[in-house]
Peer 1: 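Structure below; questions to follow.
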2 protein chains.
Amino acid sequence: MKASVTMIEPNGHFCSDCAVRGIAVCASMDPAELREFEHLGRRVHFGAGETVFSEEDITTSFYNLLEGVMRLYKLLPDGRRQIVGFALPGDFLGMNLSGRHNFSADAIGAVTVCQFAKAPFGRFIEDRPHLLKRINELAIRELSQARDHMVLLGRRSADEKVATFLLGWRERLVSLKGASNTVPLPMSRQDIADYLGLTIETVSRTFTKLERHGAIEIIHGGISLRDPARVEALAAA
Amino acid sequence: MKASVTMIEPNGHFCSDCAVRGIAVCASMDPAELREFEHLGRRVHFGAGETVFSEEDITTSFYNLLEGVMRLYKLLPDGRRQIVGFALPGDFLGMNLSGRHNFSADAIGAVTVCQFAKAPFGRFIEDRPHLLKRINELAIRELSQARDHMVLLGRRSADEKVATFLLGWRERLVSLKGASNTVPLPMSRQDIADYLGLTIETVSRTFTKLERHGAIEIIHGGISLRDPARVEALAAA
DNA sequence: AAAGCCGATTGACGCAGATCAAATTTGACG
DNA sequence: CGTCAAATTTGATCTGCGTCAATCGGCTTT
């Protein structure tokens, strides 16, 4: 979907009261840097289903996700899709070598990002080793997650994939919303299927099976973990 | 396999005449830096099948691969293995956040690495923004490759996987050995299977099928591309 | 050169998950 | 509240790839 109702807020915001101040790239900046940094980014809103950037786009901006959830994915020429990750508030997007994004990013539901023009952002972090280190850390963490996901895609059964996904997604939400057995799933079944390398039918059937076995309860907009231990047993293999 | 015949060369070497001087991390160092850097690393040899480091190991060293090929992999508790990549000369290994390697690395055939103790290496790159940037670039490139591999694992058929692997492996060898239709495959069929998320039998059958169709010829220690266009067509899908 | 071994190949068969096809639920909108 | 469209679930069937089981071929050892 094309960005049609995108809104850009003209008036400034303050990093100091930003929701992701403590977890994002900016976490490693001191107050003086933050004041300078403030002028580089601007908040942009996207509606449900809008595309923030596409894999073949030349990279002109970096993005810090402030609010909402995004799906990050790659498409094969024939339309098959692999979701390579979901982005949550605090996630930093846009790093690349080739000068092009190497994946696409859609808003799932309403999204707010902090957008930075590539060149000024690059100048800002240049010669600020602690920021380079921070960016580096983010890249390495993602790399580690990517490797875990390769194991899931290449060597796990459908049951294991779904159980692992539910636990991993819950874990990511813990740091944002606190621990809970209620796990909201803002993405569609198709998104989950494309993330796990399955079909929508298999995901749906696996959810139903987990519910029949009393491991989870399927609720509106998500699931509730009824028997976390059982789900963990499935995920562990 | 445990490292039993590992050899460490006591006498120094010179980065300036190192085989990977132009492609590795060190590519971004000036001569003065290089002389200082020289004292940090030492060459270590590993025999075929030896493990250089394991995923649960505390990271004490970084490695620059000088000669040979390595397999990088993760194991599930029940023994299933996913190879997350093959390392070639010039590749830099060991970056992580947790303080532990998050994958294991074995030598495939004889291997020479340049080993750096973690702490002095960390001190050396600290406050050298161009080196941090270089490391960053390496991480981002790997991340991009990891995402491509997720697409392969999650959304491609066995034929596509094998064809894509052969072309990708050949491409990597081009920059080291020059272009050729003869593609050496130092890794076993089992390694290829664990890289592609297949079984050894499926890999073997797919090779045979490609050969029957005149796309490749299976030769000792590798394959020869007879009809690269046909293999590319299979890989593109 | 015979024996033994290990990786690779080949064949027969089975099954997890894909595909095809409805049915059902949910959500948006007048 | 009723209508329509989209998402999800469920069922029936199919198939690509895995599993199990020989067999083959190239190396090493003696």
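These numbers come from the heavy atoms of this one structure, side chains and all, not from hydrogens, waters or symmetry mates. A note on names: the letters A, B, ... follow the listed sequences, proteins ahead of strands, and every chain is numbered from 1.
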Peer 1: Does B:Asp159 come within less than 4.0 Å of B:Lys209, counting only side-chain N to carboxylate O?
Peer 2: yes
Peer 1: What is the distance from CG of A:Leu152 to C1' of C:dG17, rounded to the nearest Å?
Peer 2: 15 Å
Peer 1: Nearest-nucleotide wise, let me know which of B:Thr208 and A:Ala158 is further upstream toward the 5' end of DNA chain C.
Peer 2: B:Thr208
Peer 1: Using 30° and 60° as the class boundaries, would you call the ring planes of B:Phe86 and B:Phe165 parallel, tilted or perpendicular?
Peer 2: tilted
Peer 1: Could you report the tightest heavy-atom contact between A:Ile108 and A:Pro186, atom names first, then the distance?
Peer 2: CG2-O, 3.3 Å
Peer 1: Whole-Å distance between C:dT9 C1' and B:Lys209 NZ?
Peer 2: 15 Å
Peer 1: Does the separation of the ring centres of A:Tyr195 and A:Tyr73 fall below 6.0 angstrom?
Peer 2: no
Peer 1: Would you mind reading off the distance between A:Arg155 atom CZ and D:dG18 atom C1', rounded to a whole angstrom?
Peer 2: 10 Å
Peer 1: On a heavy-atom basis, which atom in B:Lys161 and which in B:Leu153 lie closest, and how many Å separate them?
Peer 2: NZ-O, 3.8 Å
Peer 1: With a 3.5 Å distance limit and no angle check, can you tell me whether A:Arg81 reaches the backbone of A:Leu75 through a side-chain donor-acceptor pair?
Peer 2: no
Peer 1: Once the angle between the rings of A:Phe62 and A:Phe92 is folded into 0 to 90°, is it parallel (under 30°), tilted (30 to 60°) or perpendicular (over 60°)?
Peer 2: tilted
Peer 1: Whole Å only: how far is the CG atom of A:Asp191 from the P atom of D:dA6?
Peer 2: 17 Å
Peer 1: Find the distance B:Lys161:NZ to D:dG16:C1' and express it as a whole number of Å.
Peer 2: 11 Å
Peer 1: Salt bridge or not for A:Arg147 and B:Glu142, using N-O below 4.0 Å?
Peer 2: yes
Peer 1: Please list, by residue number, the residues of residues 192-207 of chain A whose heavy atoms come closer than 4.0 Å to an atom of DNA chain D; answer none if no residue qualifies.
Peer 2: A:Glu201, A:Ser204, A:Arg205
Peer 1: What integer distance in Å separates B:Ile219:CD1 from D:dG25:P?
Peer 2: 19 Å
Peer 1: Side chains of A:Leu88 and A:Trp169: does their closest heavy-atom pair fall under 4.5 Å?
Peer 2: yes
Peer 1: So if I define the base as every atom that isn't primed, P, OP1 or OP2, how would nucleotides 25-30 of chain C read as a B/S/- string at a heavy-atom cutoff under 4.0 Å?
Peer 2: --S---
Peer 1: Could you give the CD-to-P distance, from B:Gln190 to D:dG18, as a whole number of Å?
Peer 2: 11 Å
Peer 1: For A:Ile218 and D:dA7, what is the distance between atoms CD1 and C1' respectively, to the nearest whole Å?
Peer 2: 14 Å
